[in-house]
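Working notes, beginning with the structure itself.
Owing to the predicted nature of the structure, the values given are computational and were not obtained by experimental measurement. We name chains A, B, ... by the order of the sequence lines, and we start the count at 1 in each one.
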Amino acid sequence: MPPPPLHAAASLPYQCSVLLRQLAARHSHVPASPCSFLRALRRLHARLLTGALLHNPSHPHLTLRLLHLYTLSPDLATPAILFRSDPSPIAATSLVSAYAVAGRLPDAASFFDSVPLPRRDTVLHNAMISAFARASLAAPAVSVFRSLLCSDSLRPDDYSFTGLLSAVGHMHNLAASHCTQLHGAVLKLGAGAVLSVSNALIALYMKCDAPEVTRDARKVLDEMPVKDELSWTTIVVGYVRKGDVHAARSAFEEVDAEFDVVWNAMISGYVQSGMCAEAFELFRRMVSKRIPPDEFTFTSVLSACANAGFFLHGKSVHGQFIRLQPDFVPEAALPVNNALVTLYSKSGKISVAARIFDSMTLKDVVSWNTILSGYIESGCLDNAARLFKEMPYKSELSWMVMVSGYVHGGLAEDALKLFNQMRSEDVKPCDYTYAGAIAACGELGALRHGKQLHAHIVRCGFEASNSAGNALLTMYGKCGAVKDARLVFLVMPNVDSVSWNAMIAALGQHGHGREALDLFDQMVAEGIDPDRISFLTILAACNHAGLVDEGFQYFESMKRDFGIRPGEDHYARMIDLLGRAGRIGEAMDLIKTMPFEPTPAIWEAILSGCRINGDTELGAYAADQLFEMIPQHDGTYILLSNTYSAAGRWVDAARVRKLMRDRGVKKEPGCSWIEVGNKIHVFLVGDTKHPEAHEVYRFLEMVGAKMRKLGYIPDTKFVLQDMAPHQKEYVLFAHSEKLAVSFGLLKLPLGATVTVLKNLRICGDCHTAMMFMSLAVGREIVVRDVKRFHHFKDGECSCGNYW
DNA sequence: ATAGGGTTAG
């Protein structure tokens with residue numbers, strides 16, 4: 001954005017002043033590249049020097065502004081040099097606060113220390129105190145305040161107290177006694193009647209976790225002779241923070257003068273408490289009272305609409321904003337536009353969101369991150385990836401969104417690749433990003449890599465993070481490392497329902513069915529309500545362990561004791577469980593009690609039961625039902641044709657095959673390998689005539705070469721073979737354990753999995769392990785499953801990282 | 001020249 005032309009007749013000081021202000025404003029919203037910024041700054045600096053405007057008593061603000069800009073630049077030396085030529089306390093104060101605004105607290109502190117004691121005045125101390133307060137550093141702020149107290153010539157003033165109180169509010173274990181002590185000290189030193197000090201005192205009391213201090217805060221407010229809008233705002237915000245929205249509302253109703261900020265505080269309080277309808281209602285009242293909404297109002301109410309799914313309301317707010325938009329400078333419109341982008345992405349209108357994003361004259365990191373996650377939430381991973389590359393600046397959050405976007409989009413390899421790139425660019429991942437990378441390891445069955453990440457997490461101090469802990473639990477569970485999962489579960493300081501579910505799943509999937517059930521009961525005993533996922537998990541555990549009656553009890557207790565209506569997936573699992581136990585009749589009875597029409601998943605479960613028990617007649621009936629529903633479900637085609645063949649209904653089987661050919665249904669090829677001793681057997685699964693099949697072979701050779709090079713397996717031999725030689729055209733590729741069973745690959749009696757799984761370390765999907773079970777009973781084997789091999793194309797095979 | 005509160009991305 002080129003700066004607007006200046007009036008030719010404008011004086012040089014005025015011109016410079018405008019230029020300086022423009023440079024600062026632009027930099028704070030769109031950080032330019034360090035080089036170009038510094039160049040522009042030096043040009044201005046030279047101009048000030050030639051005009052003899054620097055250190056000129058008639059234009060003191062020019063020097064200060066220049067100092068301010070230098071604190072934004074990567075040039076650390078110049079501000080100090082400039083200061084040496086004008087060592088006034090005013091310049092020092094300006095420099096300290098500029099450093100603080102620029103987020104360069106260490107520079108502010110070391111500069112403050114370098115100012116000789118006689119040159120420090122109260123205002124300079126105050127600036128330093130508030131700099132620490134802004135950075136949430138209570139202790140150093142207190143020590144600056146103390147040096148002010150101990151000084152012979154200086155005395156703390158109102159600003160000092162205000163800053164001190166705000167700094168102490170950031171203390172971690174702020175006790176009620178701290179607050180009352182400080183309150184006493186403030187009164188003793190005669191600052192009790194100052195408006196800003198009282199406001200800060202209210203905020204301090206409200207930041208303390210002890211419930212009883214709320215009264216003290218209220219007392220301060222009540223005793224104030226004069227209150228301003230901030231007093232009311234602070235108390236409203238405080239009540240919200242304490243989780244007492246009703247108290248916030250009644251304080252809000254007490255205000256006689258209708259300050260805009262109090263409305264904003266109340267609206268955003270509702271949003272933070274998840275009461276979006278109330279937030280919107282309040283906004284409506286505000287509009288009807290003709291109180292003009294500002295950018296904060298719009299931002300809050302739009303986010304309320306986005307959170308609650310009030311898309312029509314949101315649209316009307318958008319309309320009102322458009323009418324008032326000329327009143328907003330770009331800086332003010334920015335957060336509103338960001339909230340609009342969020343609203344439209346959440347309502348599934350990503351193209352509208354993108355249009356708003358493109359039309360924004362001013363964008364910040366939040367804007368880029370918002371549109372990025374909008375693309376990811378609407379499944380446009382390609383667009384997201386392109387955007388990610390184009391982003392002029394990224395925050396840690398951008399990386400996090402992209403990494404977890406890849407994982408949820410099923411591109412675990414890309415997630416890990418990006419995670420590695422992130423670290424090579426020296427961006428420090430937060431716990432959520434680690435969680436994404438760990439989830440990717442779980443998807444890939446990359447246990448070793450996952451363990452490395454676990455070590456990183458401990459080193460970075462994220463051990464107490466719930467998201468990281470839950471990701472670790474899930475990953476260890478998927479990789480069959482039950483011991484590690486147990487350890488994580490024990491160490492986690494706050495386990496939530498996700499953690500319990502993940503731990504139960506880990507036990508249930510790996511042959512500890514009984515223990516899984518015990519853990520479920522323990523969870524209930526500890527007062528954590530199981531959710532629908534918990535019941536899916538426990539039914540799966542029962543399935544693995546062959547505990548049919550127990551499974552049925554949990555299924556019953558789900559609606560009876562916990563008021564959770566079983567969904568399609570719960571029914572499907574229960575039917576699968578009954579079917580595998582040979583109780584197919586009971587499964588059919590259960591279907592009749594369902595409150596909805598049977599879905600493809602239900603019929604697939606019946607079908608799988610029929611295959612295990614050799615009930616071709618009922619199987620064909622289920623196949624007829626499924627036939628009506630294809631192609632809603634993946635895998636249905638092959639399943640159907642096999643079932644019809646088994647029932648001797650060759651004509652129907654041929655019809656299904658023809659349908660498959662007509663629709664061009666092909667199974668994506670993939671490969672699995674099994675490692676027994678030092679020998680690896682690799683199986684190609686999927687359509688061997690698929691155009692990409694030769695890529696699989698190439699990939700396997702590459703992996704083999706790489707593994708030999710790493711000395712991982714001394715004598716690696718690849719045996720490529722069809723999984724099902726009697727089926728020339730299509731070989732089996734199951735996407736899930738359930739399908740593997742329904743394909744008839746595993747005619748296992750119920751419960752057989754337990755004994756086998758004890759000796760099995762499983763990486764990746766369970767189905768692969770199950771496929772090989774009959775081969776590997778009683779032996780220590782490692783099974784890994786590689787999906788979506790084509791992301792390892794050509795020379796980029798970085799998979800060495802993944803095992 | 002310094003202070004107190006309110007906003008958006010997961």
Checklist entry - With sugar-phosphate meaning primed atoms plus P, OP1 and OP2, does A:Asp158 contact a base, only sugar-phosphate, or nothing at under 4.0 Å between heavy atoms? => result nothing
Checklist entry - Out of B:dA1, B:dA3, B:dG10, which nucleotide sits closest to the side chain of A:Ser130? => result B:dA3
Checklist entry - Can you tell if the side chain of A:Leu189 reaches within under 4.5 Å of the side chain of A:Phe161, non-hydrogen atoms only? => result yes
Checklist entry - A:Arg241 side chain N/O closer than 4.0 Å to the phosphate oxygens (OP1, OP2) of B:dG5? => result no
Next on the checklist: Base, sugar-phosphate or nothing for A:Leu195? Non-hydrogen atoms, less than 4.0 Å.
Outcome noted: base
Checklist entry - NA contact type, A:Glu396, heavy-atom cut-off 4.0 Å: base, sugar-phosphate, or nothing? => result nothing
Checklist entry - Does OP1 or OP2 of B:dG4 have a side-chain N or O of A:Thr234 closer than 4.0 Å? => result no
Checklist entry - Taking atom CE of A:Met266 and atom CZ of A:Arg249, what is their separation to the nearest 0.5 Å? => result 6.0 Å
Checklist entry - Checking all strands, does A:Ser94 fall into the base, sugar-phosphate, or nothing category for heavy-atom contacts under 4.0 angstrom? => result nothing
Checklist entry - In terms of the angle between their ring planes, are A:Phe280 and A:His313 parallel, tilted or perpendicular, with boundaries placed at 30° and 60°? => result parallel
Next on the checklist: Can you tell me if A:Gln272 touches the phosphate of B:dG6, counting only side-chain N or O atoms and a distance under 4.0 Å to OP1 or OP2?
Outcome noted: no
Checklist entry - Are the ring of A:Tyr159 and the six-membered base ring of B:dT2 within the stacking cut-offs of under 5.5 Å and under 30°? => result yes
Checklist entry - Hey, does A:Trp368 have a side-chain heavy atom less than 4.5 Å from the side chain of A:Lys394? => result no
